[in-house]
Amino acid sequence: MNINTWRYSQLTDEQRRIIFRRSETDIESLMHGVKEITDDVRDRGDQALIDFNKKFDNADVPLDAIKVTPEEFEEARKTLDDDVKRAIDICADNVRAHHESQMKRVEKRWMEEVKPGIWAGEQINAIPSVGIYVPRGKGAFPSVMFMTCVAAKVAGVPDIHVVMPPRPDGKADDASLYPACVSGVKYVY
């Protein structure tokens, strides 16, 4: 069985169109808005991020506060409720055990035929770096933080950066910073 692998940066416009057409969501309809945002960030850098924080998250984050400091990580560790920390620790340990089990497979690639002619499988490769988005809506999503970050750490990704919307006061929430600590992530924006 042959599995096709593509690198987005090496695809032609036609190849991208074909791949995007396979999804259930009309990705093409979203691309214009996403492109405007990415172009603005490319052109104006961190100032664009500050402006988008105001626009989308109603948070005023000064330029020197975009990156979470080691002190903010420590504050999250100290102030988060002990019961919440224990729950996060248990969940993160379960996720870590699952992904460590995946990594122990003799084969880094496996396939199975789930129905005649339909194959599913997995190929495990560590990439040099990863950017992870942890959403925030009406509350924190610590599970997204530890489920994605622990998997990246166990897979051997050396350079992990996380972005997440701030609280209205412009700070990162403790319930998401603590699992970043537990996961060994040092770069949160």
Side-chain angles (χ1 to χ4, degrees), residues 3 5-8 19-20 22-25 27 30 34 37-38 49 52-53 56-57 59 61 66-70 72-112 114 119-168 170-189:
I3 300 175
T5 304
W6 295 277
R7 293 199 183 274
Y8 184 83
I19 290 170
F20 287 158
R22 293 174 40 196
S23 72
E24 293 179 21
T25 302
I27 294 172
L30 305 173
V34 170
I37 292 170
T38 57
L49 297 176
F52 286 124
N53 269 330
F56 295 123
D57 303 313
V61 181
I66 289 176
K67 184 178 179 185
V68 173
T69 65
E72 288 174 285
F73 279 109
E74 186 56 33
E75 183 69 16
R77 190 181 288 278
K78 287 179 183 175
T79 60
L80 192 62
D81 182 82
D82 286 341
D83 288 339
V84 174
K85 287 192 288 193
R86 272 192 295 281
I88 288 171
D89 290 341
I90 290 167
C91 292
D93 286 345
N94 290 342
V95 170
R96 187 175 295 105
H98 169 72
H99 290 298
E100 286 173 350
S101 175
Q102 284 180 310
M103 295 300 292
K104 289 178 185 174
R105 288 182 184 268
V106 176
E107 299 177 79
K108 292 287 186 172
R109 182 182 198 170
W110 61 270
M111 297 290 299
E112 65 183 7
V114 293
W119 292 82
E122 181 176 52
Q123 179 173 326
I124 301 170
N125 295 51
I127 55 178
S129 64
V130 65
I132 296 172
Y133 175 72
V134 175
R136 182 169 168 75
K138 295 179 180 178
F141 293 94
S143 60
V144 174
M145 183 69 82
F146 64 73
M147 289 177 74
T148 54
C149 295
V150 167
K153 274 292 194 186
V154 170
V157 178
D159 192 23
I160 301 170
H161 293 257
V162 176
V163 295
M164 63 183 199
R167 297 182 313 212
K171 300 285 187 183
D173 67 84
D174 293 346
S176 292
L177 283 185
Y178 180 75
C181 293
V182 169
S183 302
V185 172
K186 295 179 178 75
Y187 307 109
V188 177
Y189 306 89

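Along the sequence shown, the residues carry numbers beginning at 1. What you see below is based on every heavy atom in this structure, not just the backbone, and it leaves out hydrogens, waters and symmetry mates.
Arg86 has no carboxylate O lying under 4.0 Å from a charged side-chain N of Asp89, or vice versa, which leaves the two without a salt bridge.
Within the model, atoms NE2 of His161 and NZ of Lys186 stand 11.0 Å from one another, a figure rounded to the nearest 0.5 Å. Considering NZ of Lys85 and NZ of Lys78, their distance stands at 10.5 Å, rounded to 0.5 Å. Rounding to the nearest 0.5 Å places CG of Leu80 at 9.5 Å from CG of Leu177. Atom CD of Gln102 and atom NE2 of His98 lie 4.0 Å apart (nearest 0.5 Å).
Shortest non-hydrogen contact noted between Pro179 and Ile88 is CB-CG2, 3.8 Å. Here the closest non-hydrogen pair linking Ile127 and Pro158 is O-CD, 3.6 Å. Heavy-atom minimum distance, Arg136 versus Arg167: NH2-CG, 3.4 Å. Of all the heavy atoms in Val188 and Ala180, the pair that sits closest is CG2-CB, 4.1 Å. Residues Asp173 and Met164 approach most closely at N-CE, 3.9 Å, considering heavy atoms. Taking each heavy atom of Thr69 and Glu72 in turn, the nearest pair found is N-OE1, 2.8 Å.
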Trace of the side chain to side chain contact (heavy atoms under 4.5 Å, CB included) decision for Asp159 with Val130: CA-CA 6 Å; Asp159 192 23; Val130 65; over 6 Å; no
Step-by-step side chain to side chain contact (heavy atoms under 4.5 Å, CB included) determination, Tyr187 to Val162: CA-CA 6 Å; Tyr187 307 109; Val162 176; over 6 Å; no
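Annotation: side chain of Phe73 is not in contact with side chain of Val185 (no heavy-atom distance under 4.5 Å). Contact of the Ile132 side chain with the Val163 side chain is not registered, since no non-hydrogen atoms from C-beta on lie closer than 4.5 Å. Side-chain contact between Tyr178 and Ser183 is absent, with no heavy atoms from C-beta onward closer than 4.5 Å. Within the 4.5 Å cutoff, the side chain of Arg77 has heavy atoms near those of the Cys181 side chain.
No side-chain donor-acceptor contact under 3.5 Å links Asp57 to the backbone of Ala59.
Counting heavy-atom neighbours within 6.0 Å of Tyr189 OH, excluding the residue itself, gives a total above 12.
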Sequence neighbours left out, cut at 3.5 Å: what donor-acceptor pairs do the side chains of residues 139-153 make with other protein atoms?
from   : atom 1 : to     : atom 2 : distance (Å)
Thr148 : OG1    : Val144 : O      : 2.6
Thr148 : OG1    : Met145 : O      : 3.4
Lys153 : NZ     : Gly184 : O      : 3.4

